[in-house]
Amino acid sequence: MRQIKQIDIRERNLKNVYEYVLHNSNVSRAKVAKALELSRPSSSSLVDELISIGALFEDGKKEEDGCVGRNPILIKTDFRCFFCIVLFWKATGIEASVVSMCQEWAAEKRVLYSSHFSVLSVSDYGKRSIAIIRALRKELEKNHYYIGTSVMLPGIVDLHRKGILSHPLGINEDMGKRIVSDIENAGEDAIALFNDNAILGFAAMNQLGLQDKNFLYINLSSGIGAAYFMKGQLFGDAGGKLTQFGHCIVCPGGKKCSCGSRGCLEAEIGEITLREKIQSYIGEKNDYALGEGKYFQWVFERKALDGGFFTEIKEKYIHDLSLAICNASTMVFPDLILLGGFFYLWGEDFLKELKKEINRIGFTYIMQDLHLNYRKEREEEIQIACADYLFSRYYHFTSRGIQGIHLG
């Protein structure tokens with residue numbers, strides 16, 4: 001059993017104070033002490049330490065509580081002089097953002113910079129990311145403090161094998177290990193790699209206030225993935241080994257999947273398969289970039305021109321997706337399922353038909369109370385969630401930062 005050290009207790013208390021102030025308005029030192037069951041001197045000491053490192057500040061306003069005596073000064077979260085770099089690895093390149101760590105600011109204000117960077121070859125994701133990090137740090141560290149870099153990618157981030165695996169990006173196991181090695185050997189610090197579905201689910205939880213719910217987030221992009229949250233905690237962390245929803249079997253012996261199995265949900269209704277069906281239908285190649293929703297949009301635009309083709313595709317999606325959802329729900333029993341990514345393009349009729357099919361084939365006791373909704377992400381919400389997950393997972397108040405390279 002790991003022995004609990006005094007510094008661990010201090011770290012936990014500092015984090016608890018910071019998060020309480022972040023999630024509650026009109027907070028004073030006295031309220032912090034009472035809410036967290038700390039003594040007044042201990043609470044005040046923790047607040048002073050957080051103020052000294054730029055995590056909190058006293059805004060000069062006084063609590064109007066009608067009590068006799070001096071009204072206490074209110075406290076707010078700060079970190080306005082700190083920034084995080086967010087990199088989203090896509091098939092088309094790397095989307096880079098700089099996010100302010102002042103978590104009380106509105107989303108539009110927190111995203112300080114965004115730009116797209118090309119990648120010459122698949123094997124260059126690691127080295128290209130290091131170059132981007134160094135360029136952005138050189139510019140921003142003149143006036144701000146760097147906390148770390150959060151990398152989001154579609155695929156598995158494997159801590160134990162020290163590698164990544166991404167079929168949408170074309171990164172196999174050997175290449176994934178080399179990419180991680182490139183990052184580890186670059187001499188940079190405070191970098192973490194996360195599965196995109198986990199971060200998207202984390203964004204939904206924060207935006208919709210789902211910290212007290214058990215919910216499953218399902219993402220439709222170039223692939224199909226999911227993440228499960230239990231009372232604010234991400235099941236299996238953000239490595240992606242437990243988010244491979246798209247590789248559950250919905251059609252035994254069906255289409256060969258890039259993972260090696262046959263009949264995976266992703267192989268049956270994923271974007272690559274949809275592209276093949278569209279190309280077969282029109283009799284020619286129609287090469288849009290994967291992961292941008294262009295093939296899904298094409299199908300929906302086709303509805304008025306050829307209802308038969310649209311209906312065939314829709315019924316396949318409803319059949320296979322309902323099977324996968326019923327199987328997942330039987331295992332994790334969620335209160336809510338959110339369909340994110342490009343699912344919303346199907347519209348409300350699709351959602352109604354999907355619910356009907358789930359209720360028809362699923363475990364009645366579980367499915368009768370299951371809520372199913374679309375989740376349409378805003379780009380800045382994703383960028384901010386990626387930064388905030390890095391901070392919540394790896395930032396240490398006692399050491400004033402993030403150390404090391406982290407996978408998931």
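Given the structure is predicted, the values throughout are model-derived calculations rather than measurements. When a residue number appears, it is its place in the shown sequence, counting from 1.
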### Query
Does a salt bridge link Lys15 with Glu11, judged by any charged N lying under 4.0 Å from a carboxylate O?
no

### Message
Could you check whether any side-chain N or O of Lys76 sits under 3.5 Å from a backbone N or O of Glu58, counting only pairs where one atom can act as donor and the other as acceptor?
### Response
no

### Query
Any donor-acceptor pair under 3.5 Å linking the side chain of Ser45 with the backbone of Pro41?
no

### Task
Kindly indicate, with the supporting measurements, whether the criterion salt bridge (Lys or Arg N to Asp or Glu O under 4.0 Å) is fulfilled by Glu276 and Lys255.
CA-CA 12 Å; Glu276 292 172 357; Lys255 186 176 176 60; 2.9 Å; yes

### Task
Give a yes or no answer on whether the side chain of Tyr374 reaches the backbone of Gly347 with a donor-acceptor pair at less than 3.5 Å.
yes

### Query
More than 12 foreign heavy atoms under 6.0 Å from CD of Gln233: is that the case here?
no

### Task
Taking the side chain as every heavy atom from C-beta outward, state whether Ser43 and Arg40 have any atom pair closer than 4.5 Å.
no

Pairs of donor and acceptor atoms involving the side chains of residues 295-302, under 3.5 Å and at least two apart or interchain, shall be tabulated with distances.
from: Tyr295; atom 1: OH; to: Asn286; atom 2: O; distance (Å): 2.5
from: Tyr295; atom 1: OH; to: Tyr288; atom 2: N; distance (Å): 2.7
from: Tyr295; atom 1: OH; to: Tyr288; atom 2: O; distance (Å): 3.4

### Task
Work out which heavy atom in His116 is nearest to a heavy atom in Glu95; give both atom names and the distance.
ND1-OE2, 2.7 Å

### Task
Could you tell me the separation between the CZ atom of Phe194 and the CZ atom of Arg393, rounded to the nearest 0.5 Å?
8.0 Å

### Task
Would you give the length of the straight line joining atom CG of Leu200 to atom SG of Cys386, rounded to the nearest 0.5 angstrom?
9.0 Å

### Task
List for me each residue that meets side chain to side chain donor-acceptor pair (under 3.5 Å) alongside Arg161, sequence neighbours excluded, and say none if there are none.
none

## Note on the structure
On a heavy-atom basis, the closest approach of Ile269 and Lys316 is CG2-CG, 3.9 Å

### Task
Of all the heavy-atom pairs spanning Tyr125 and Ala91, show the shortest one and how long it is.
OH-CA, 3.9 Å

### Query
In Å, rounded to the nearest 0.5 Å, how long is the span from CG of Asn195 to CG of Asp158?
12.0 Å

### Spacing of CD1 belonging to Ile53 relative to OG1 belonging to Thr398, to within rounding of 0.5 Å
9.0 Å

### Glu141: side-chain contact (heavy atoms from CB on, under 4.5 Å) partners, not counting sequence neighbours
Phe83, Arg137, Tyr146

### Student check: side-chain heavy atoms of Ser44 and Asp48 closer than 4.5 Å
yes

### Query
Does the side chain of Gln244 come under 3.5 Å of the side chain of Asn197 through a donor N or O and an acceptor N or O?
no

### Query
Val250 and Leu323: which non-hydrogen atoms are nearest, and at how many Å?
O-CD1, 3.6 Å

### Query
Hey, are Ser166 and Trp89 close enough side-chain-wise for a donor-acceptor pair under 3.5 Å?
no

### Task
Could you pull out the closest heavy-atom pair between Ile179 and Gly126, with the gap in Å?
CG2-N, 3.6 Å

### salt_bridge(Lys314, Asp349) N-O dist < 4.0 Å
no

### Any Arg29 side-chain heavy atom under 4.5 Å of Ile75 side chain
yes

### Task
Evaluate the side-chain proximity of Lys352 to Lys355: yes if any heavy-atom separation is below 4.5 Å, no if none is.
no

### Query
Heavy-atom distance under 4.5 Å between the side chains of Met152 and Leu87, does that happen here?
no

### Message
If you count heavy atoms of other groups shown closer than 6.0 angstrom to CD of Glu139, is the number above 12?
### Response
no

### Message
Measuring only between side-chain heavy atoms, which start at C-beta, is Lys213 closer than 4.5 Å to Lys231?
### Response
no

### Message
Would you compute the distance between atom CG of Leu50 and atom CG of Asn13 and round it to the nearest 0.5 angstrom?
### Response
10.5 Å

### Task
Using modelled atom types only, decide if a donor and an acceptor are shared between the side chain of Ser100 and the backbone of Cys102 within a distance under 3.5 Å.
yes

### Task
Determine yes or no for a side-chain-to-main-chain donor-acceptor pair under 3.5 angstrom, with Asp189 supplying the side chain and Gly404 the backbone.
yes

### Task
Test the Arg80-Phe57 pair against the cation-pi criterion, namely NZ or CZ under 6.0 angstrom from the six-membered ring centroid and within 45° of the ring axis.
yes

### Query
When you measure from the side chain of Glu268 to the backbone N and O of Gly254, does any donor-acceptor pair fall under 3.5 Å?
no

### Query
Between Phe391 and Phe79, is a ring-ring contact (aromatic ring centres under 6.0 Å, His included) present by the stated rule, with each step listed?
CA-CA 11 Å; Phe391 178 83; Phe79 277 126; 5.3 Å; yes

### Query
Stepwise, does the salt bridge (Lys or Arg N to Asp or Glu O under 4.0 Å) test hold for Arg110 with Glu381?
CA-CA 10 Å; Arg110 287 189 63 187; Glu381 289 174 7; over 6 Å; no

### Task
Salt-bridge test for Glu353 and Lys356: reply yes if a basic N is under 4.0 Å from a carboxylate O, no otherwise.
no

### Query
Does some side-chain heavy atom of Pro168 sit less than 4.5 Å from a side-chain heavy atom of Leu290?
no

### Under 3.5 Å donor-acceptor, Ser28 side chain and Leu74 backbone
no

### Query
Is the number of heavy atoms from other residues, nucleotides or ligands within 6.0 Å of OH (Tyr145) greater than 12?
no

### Message
Take a 6.0 Å sphere around CD of Glu37 and say whether it holds more than 12 heavy atoms from other residues, nucleotides or ligands.
### Response
no

### Query
Hey, are Glu108 and Arg378 close enough for a salt bridge, meaning a charged N less than 4.0 Å from a carboxylate O?
yes

### Partner residues of Ser261 under the side chain to side chain donor-acceptor pair (under 3.5 Å) criterion, sequence neighbours left out
none

### Query
If we only count heavy atoms from C-beta on, is the Thr92 to Val119 side-chain gap below 4.5 Å?
no

### Message
I need the Ile94 CD1 to Asp124 CG distance, nearest 0.5 Å.
### Response
9.0 Å

### Message
Donor-acceptor pair, distance only, cut-off 3.5 Å: does the side chain of Ser392 make one with the backbone of Tyr389?
### Response
yes

### Message
Could you work out, with side chain to side chain donor-acceptor pair (under 3.5 Å) as the rule, every residue matching Gln103, not counting sequence neighbours?
### Response
Tyr18, Asp388

### Task
Let me see the working for Gln211 and Asn206 under side chain to side chain contact (heavy atoms under 4.5 Å, CB included), right down to the final yes or no.
CA-CA 7 Å; Gln211 287 80 1; Asn206 288 342; 3.3 Å; yes

### Query
So among Ile218, Ile358, Leu216, which one has a side-chain contact (heavy atoms from CB on, under 4.5 Å) with Leu372?
Ile358

#### Entry: Carboxylate-amine/guanidinium proximity below 4.0 Å for Glu184 and Lys162
yes

### Task
Establish, yes or no, whether a centroid distance under 6.0 Å links the rings of Phe229 and Phe235.
no

Please report, to 0.1 Å, the donor-acceptor pairs under 3.5 Å made by any side chain of residues 328-346, with sequence neighbours excluded.
from: Ser329; atom 1: OG; to: Ile325; atom 2: O; distance (Å): 2.8
from: Thr330; atom 1: OG1; to: Cys326; atom 2: O; distance (Å): 2.8
from: Asp335; atom 1: OD2; to: Asn214; atom 2: N; distance (Å): 3.0

### Task
Salt-bridge test for Arg10 and Glu49: reply yes if a basic N is under 4.0 Å from a carboxylate O, no otherwise.
yes

### Query
With the threshold set at 4.0 Å, does a side-chain nitrogen-carboxylate oxygen contact exist between Asp8 and Arg12?
no

### Summary
Looking only at heavy atoms, the pair that brings Phe117 and Ala96 closest together is CE1-CB, 3.5 Å

